[in-house]
Participant: 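Attaching a single structure in structure tokens format; questions to follow.
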Amino acid sequence: MAMQPAEIEALIKAALPDAQVTIEDLAGDGDHYAATVVSEAFRGRSRVQQHQLVYAALRGRMGGELHALALQTSAPA
Amino acid sequence: MTNPVFERIETDINANPVVLFMKGTPVFPQCGFSARVVQILSHIGVPFKGVNVLEDMEIREGIKAYANWPTIPQLYVKGEFVGGCDIIMEMFQAGELQSMLKEKGIPVSAEA
């Protein structure tokens with residue numbers, strides 16, 4: 001069961017309310033996406049921690065329903 | 001009671017300076033993301049141990065719990081989780097991967 005971009009965005013925003021999220025469908029098959037996420041929650045955190053926050057927001061779908069999500073995370077400039 | 005799978009993982013990542021948990025082998029990667037990390041490590045001339053998670057379901061699931069990271073590949077340097085494909089690519093492009101490896105005493109050949 002693939003995921004829709006809007007669903008991914010909604011999950012991320014539920015966990016990171018201030019996040020600006022852009023999602024790109026890499027393969028058109030609903031489970032290969034690239035996403036950039038900008039949120040204050042990332043400030044001062046390592047890349048691994050930033051990505052872990054996004055994976056936690058996706059509540060276990062990452063690696064299952066969502067096979068690939070190329071992530072670019074950063075705090076607002 | 002310690003987790004036997006975690007112990008196996010720890011033995012591997014402490015016995016080898018650079019370990020890549022991947023799908024497939026360094027010579028025959030079976031996933032685009034794993035292949036990309038293999039290419040980067042080969043490009044900067046860093047020898048590493050490839051662990052094919054497709055041949056060991058316990059490790060395949062165990063490594064995700066170990067690092068609290070849901071996907072493969074996963075790169076470990078001197079026992080420490082560094083990141084998956086995205087992070088390794090980002091670090092490589094920024095030259096951070098090369099400097100981090102040198103700091104940990106791992107020779108890097110090409111100044112990519």
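Just so you know, these numbers use all the heavy atoms, side chains as well, and skip hydrogens, waters and symmetry mates. Every chain is numbered from 1, with letters handed out A, B, ... down the list of sequences. These numbers were taken from a predicted model, which means no experiment stands behind them.
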Participant: Which region of B:Gln74, side chain (C-beta onward) or backbone (N, CA, C, O), has a non-hydrogen atom less than 4.5 Å from a non-hydrogen atom of chain A, or is it both or neither?
Facilitator: neither
Participant: In this structure, are over 12 heavy atoms from other groups packed under 6.0 Å from A:Arg43 atom CZ?
Facilitator: yes
Participant: Determine, using the 4.5 Å side-chain heavy-atom cutoff (strictly less than), whether B:Met100 and B:Ile40 are members of one ILVMFWY cluster.
Facilitator: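 Yes, B:Met100 and B:Ile40 fall within the same hydrophobic cluster.
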Participant: Taking the side chain as every heavy atom from C-beta outward, state whether B:Asp86 and A:His51 have any atom pair closer than 4.5 Å.
Facilitator: yes
Participant: Would B:Tyr66 end up clustered with B:Ile72 when hydrophobic side chains under 4.5 Å apart are linked, directly or stepwise?
Facilitator: yes
Participant: Can you see which heavy atom on B:Glu90 is nearest to which on A:Leu71, and at what distance?
Facilitator: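 Heavy atoms of B:Glu90 and A:Leu71 come nearest at OE1-O, 4.2 Å.
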Participant: Measure distances from A:Leu69 to the heavy atoms of chain B and classify the residue's part below 4.5 Å as side chain, backbone, both or neither.
Facilitator: backbone
Participant: Membership question, hydrophobic clusters at under 4.5 Å side-chain separation (ILVMFWY): are B:Phe33 and B:Ile44 in the same one?
Facilitator: no
Participant: Search all heavy atoms of B:Ala67 against all heavy atoms of A:Gln52 and return the closest pair with its distance.
Facilitator: O-NE2, 3.0 Å
Participant: As an exercise, state the distance from OH of A:Tyr55 to OG1 of B:Thr71, rounded to the nearest 0.5 Å.
Facilitator: 4.5 Å
Participant: Determine, using the 4.5 Å side-chain heavy-atom cutoff (strictly less than), whether B:Met89 and A:Val54 are members of one ILVMFWY cluster.
Facilitator: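 Linked within one cluster.
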Participant: Are A:Phe42 and A:Val38 connected in a single hydrophobic cluster, I mean Ile/Leu/Val/Met/Phe/Trp/Tyr linked by side-chain heavy atoms less than 4.5 Å apart?
Facilitator: no
Participant: For a quick test of reading the model, state the closest non-hydrogen atom pair linking A:Val48 to B:Trp69 and the distance between them.
Facilitator: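 Heavy atoms of A:Val48 and B:Trp69 come nearest at O-CZ3, 3.6 Å.
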Participant: Compare all side-chain heavy atoms of A:Met62 with those of B:Lys64 and state whether any distance is below 4.5 angstrom.
Facilitator: no
